[in-house]
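Working notes for the structure below.
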Amino acid sequence: MVQGCLAGDRQAQRQLYEQYKRQMFGYCLRYAGSREEAEDLLHEGFLKIFRDLHQYHGKGALGAWMRQVMVHTAIDHLRRQQRQIATSDLEAAPEPGAEDPLIRQFESHTQELIAILQRMPPGYRTILNLYVLEGYSHKEIAAQLNIQVSTSKTQLMRAREVLRKHVEKSLKT
């Protein structure tokens, strides 16, 4: 299939798209502010995948490589929108663990989690995705988004607070 895509075979491209579109759309939904924005990211991401497929050398899973393309597409989209992530002097935000208990509480409620993420400010949403779900460090996030490490930590802390409020609200009802 990959070889066919590299050769420009439309049928192979269609097969690749059909095989991975749902999975990649899920990643796009996490970063987008709406379903329409996620669809735009998906299409833009697949254009990049087809354009850059020659860079995939078969090391690791194709889906993992495609996910990275989608994440970078979402980050580029955020930059293009020129939305500023608020800066803060909060240098000593606690380093959360790789497993975020708030995310685990929502695992069985994927649609609800996506809706909450989409209502978050873009900075909160992006950093929460990159740190908690993608596993990037604050230093890596800061470098990718051209922000301070402290800003990344602050935005994550605030995003977690938004999630916490939604958890508390859902527990009351």
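Keep in mind that what you see is a predicted model, and the values were worked out from it rather than measured.
Every residue two or more places apart in sequence or in another chain was checked for a salt bridge (Lys or Arg N to Asp or Glu O under 4.0 Å) with R119, and none qualifies.
The shortest non-hydrogen separation linking L16 to M66 is CD1-SD, 4.2 Å. Here the closest heavy-atom approach between residue L42 and residue F25 is recorded as CD1-N, 3.7 Å. Heavy atoms only, all atoms of each residue included: A38 and A32 are closest at N-CB, 3.4 Å.
Taking 4.0 Å as the cut-off between side-chain N and carboxylate O, R164 and E161 count as a salt-bridged pair. Using a 4.0 Å cut-off between charged nitrogen and carboxylate oxygen, E39 and K21 do not count as a salt-bridge pair.
When side chains are defined from C-beta on, I127 does not count as touching T154, because their heavy atoms never get closer than 4.5 Å. Taking the side chain as every heavy atom from C-beta outward, D76 and K48 approach each other to under 4.5 Å. Counting heavy atoms from C-beta on, the side chains of L117 and L29 never come closer than 4.5 Å. Two residues are said to be in side-chain contact when any heavy atoms from C-beta on lie closer than 4.5 Å; L53 and L62 meet this criterion. The closest side-chain heavy-atom distance from H72 to V69 is not below 4.5 Å. Put simply, the side chain of Q155 does not reach to within 4.5 Å of the side chain of L128, judged on heavy atoms.
Expressed to the nearest 0.5 Å, how far NE2 of H77 lies from SG of C28 amounts to 10.0 Å. To the nearest 0.5 Å, atom OH of residue Y31 and atom CD1 of residue I114 are 12.5 Å apart. Atom CD of Q19 is separated from atom CD of Q15 by 6.5 Å, given to the nearest 0.5 angstrom. In this structure, CZ on R158 lies 11.5 Å from CG on L156, to the nearest 0.5 angstrom. Interatomic distance, CE of M1 versus SG of C5, reported as 6.5 Å (0.5 Å rounding). Within the model, atoms OG1 of T73 and CG of D40 stand 12.0 Å from one another, a figure rounded to the nearest 0.5 Å.
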Pair Y27, Q68 - check side chain to side chain contact (heavy atoms under 4.5 Å, CB included), show working. CA-CA 10 Å; Y27 296 124; Q68 286 302 107; over 6 Å; no

Before giving the answer on side chain to side chain contact (heavy atoms under 4.5 Å, CB included), spell out for M24 and L41 the whole-Å C-alpha distance, their side-chain angles and the decisive distance to 0.1 Å. CA-CA 9 Å; M24 296 302 126; L41 288 174; over 6 Å; no

Before you tell me yes or no, could you show the steps for I141 and T126 under side chain to side chain contact (heavy atoms under 4.5 Å, CB included), namely the whole-Å CA-CA distance, both residues' side-chain angles and the distance that decides it to 0.1 Å? CA-CA 9 Å; I141 294 168; T126 301; over 6 Å; no

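Side-chain atoms of T151 never come within 3.5 Å of backbone atoms of I147 as a donor-acceptor pair (strictly under, hydrogens ignored). At distances below 3.5 Å, at least one donor-acceptor pair connects side-chain atoms of N129 with backbone N or O atoms of R125. The main-chain N or O of G33 is found under 3.5 Å from a side-chain atom of E37 such that the two form a donor-acceptor pair. One N or O on the side chain of E140 and one on the backbone of S137 form a donor-acceptor pair closer than 3.5 Å.
No more than 12 heavy-atom neighbours from other residues, nucleotides or ligands sit within 6.0 angstrom of CD on Q11. Annotation: R51, atom CZ; neighbour count of heavy atoms from other residues, nucleotides and ligands within 6.0 Å is above 12.
Aromatic ring orientation, Y56 versus W65: tilted (interplanar angle from 30° to 60°). Aromatic ring pairs are classed by plane angle as parallel below 30°, tilted from 30° to 60° and perpendicular above 60°; the pair H138 and Y131 is parallel.
In this model, a donor atom of one side chain and an acceptor atom of the other lie less than 3.5 Å apart for R10 and Q13.
Residue V2 is not grouped with residue L47 when hydrophobic side chains (ILVMFWY) are merged at heavy-atom distances under 4.5 angstrom, including chains of intermediate members.
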